[in-house]
Amino acid sequence: MDYDLFLRYGPSLLRGFGMTILCWAAGTALGMLIGFLLALARRLPIPGLSWVLRAYIEVVRGTPFLVQLFLLYSGGPFIGIRLDATTAGIVGLGIYGSAYFAEIFRGGFAAVPKGYVEAAESLALPPGAILRRVVVPTMLISILPALVNMMIILTKETVVLSILTVPELMYEAQTMAAETFAAFETIFVMALFYWLLVEVVSRLGRRAERKLTSHLTQKAGAVS
Amino acid sequence: MNWDVVTRNLPYLLEGTVMTIAVSLAGILVGQVLGAFICVGRISGGRVGETLGAVYVSFFRGVPLLIQLLLIYYMLPLVGIDVPPLVAAVGALGLASSAYVSEIYRGSLLAIPHGHGEAALALGFSEGSIWRRILLPQAFRLSVPALVNELILLLKASSLISVVGVAELTRVSQSVASSTYRPLEAYMAAGAIYLIINGALALLGVLVERRLARS
């Protein structure tokens, strides 16, 4: 192992890691937002809308992420969407994630007992408050594992952005490998950083899960 | 939109489609065989088998597929092992899917009630025929939906092997896009083909499942 290499390439690798985290965080946030809105819109009683949204979800889930990225990045300019590689990567990640998040949220909505909503309605809570204070907190408990799982899948998908020349970790590591022929160091760096990212995300997920379900798992007789 | 570009290049796109399907099938085949071994190793290989299997699965599920592919294709030559693109592609897809497949098998095996194996043992079945006649047929039936799902995921993942230059659907659509300067149409055509294959696979899965449920 050539430790000198890490000193020389450390800054660019760290910058790449920062870019990976940025793309992942922004893409995930965008995906969740679009996914939530999609799931919400599918519940509206507008004829045909649910069908159109379902088609969107099926198309996004049925095609490879790489093809979606190419379509957005090199096909986009032909219909007036001109994005640089990083923005295209983030938007692509958001679109890709949105279809999966939409399905997760849909399952969450379906899992909220009808009685909760009816009770809130009979207490004259406005619809916005029902959504915010009754439906979302309840569904979050049941869908959190699936959400975290999808977030972890998206950390791994960020690697594909390197093909669009987004200067994230994979791209920087490949540059290092190409310039120095240092195979093992490159593998070591990538394995370490991606493992770190996945570990942190799953730990945060577990912590969030504990926090959300603490009222369900409290021992009998415990005083909070 | 100029769909002429697509119709003119359709033969190439279909050639790429055949390559995509072939590589995915080869990958899932490797994955099935390796996955079965890993699963059996984890269940009946003692503590060593369990640990090795767990490390293997967590590595191949935790490391992004593109990295695995480039590891095989670019890094192995640096230590003196030359790998042709197609071998690297099938190898990477097979290794990655073996980790997922072994978990699918393990889940279905664990879902079979203990009593089935014990009853067979009490009736004097040998260990080999317990696996062959009692456990594996049931495990297979339970794992069909997950395996079809895995095949669809693998088919989509196979687009990544375009990076090492295998002329599969994504790669072909890339060259159609750059030679005709019509990326929108080329990639939409590629997406449509992927969608059709995945739809057909999902349908096939439903049919097989129904067939297995009837018997």
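In what follows, chains are A, B, ... by sequence order, proteins preceding strands, each numbered from 1. For the numbers below, each heavy atom of this structure counts, side chains included, while hydrogens, waters and symmetry mates do not.
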* In terms of heavy-atom pairs under 4.5 Å with chain B, which of A/Ile153, A/Leu66, A/Val160 leads? -> A/Leu66
* Structure fact -> Greatest number of non-hydrogen atom pairs under 4.5 angstrom with chain B, of A/Ile163, A/Val198, A/Ile152, falls to A/Ile163
* Asked: Contact part of A/Ala177 toward chain B, heavy-atom cut-off under 4.5 Å: side chain, backbone, both or neither?
  -> side chain
* Asked: Non-hydrogen atoms of chain B under 4.5 Å away: do they reach the side chain of A/Leu71, the backbone, both or neither?
  -> both
* Around B/Met188, counting heavy atoms of other residues, nucleotides and ligands shown, do more than 12 lie under 6.0 Å from its CE? -> no
* Answer yes or no: are there more than 12 heavy-atom neighbours, outside A/Phe78 itself, under 6.0 Å from its atom CZ? => yes
* In terms of heavy-atom proximity below 4.5 Å to chain A, should B/Leu76 be classed as side chain, backbone, both, or neither? -> neither
Which heavy atom in [X] sits nearest to a heavy atom in [Y], and how many Å separate them?
X	Y	result
B/Pro64	A/Val159	CG-CG2, 3.4 Å
A/Gly76	B/Leu184	N-CD1, 4.3 Å
B/Leu195	A/Gly62	CD1-CA, 3.7 Å

* Asked: Quick one: of B/Val63, B/Ile152, B/Leu160, B/Val163, who has the most non-hydrogen atom pairs under 4.5 Å with chain A?
  -> B/Leu160
Please report all inter-chain donor-acceptor pairs (under 3.5 Å) between chain A and chain B, with distances to 0.1 Å.
unit_1   : atom_1 : unit_2   : atom_2 : d
A/Arg61  : O      : B/Lys156 : NZ     : 2.6
A/Gly62  : O      : B/Asn198 : ND2    : 2.6
A/Tyr100 : OH     : B/Lys156 : NZ     : 2.7
A/Lys156 : NZ     : B/Arg61  : O      : 2.4
A/Lys156 : NZ     : B/Tyr100 : OH     : 3.3

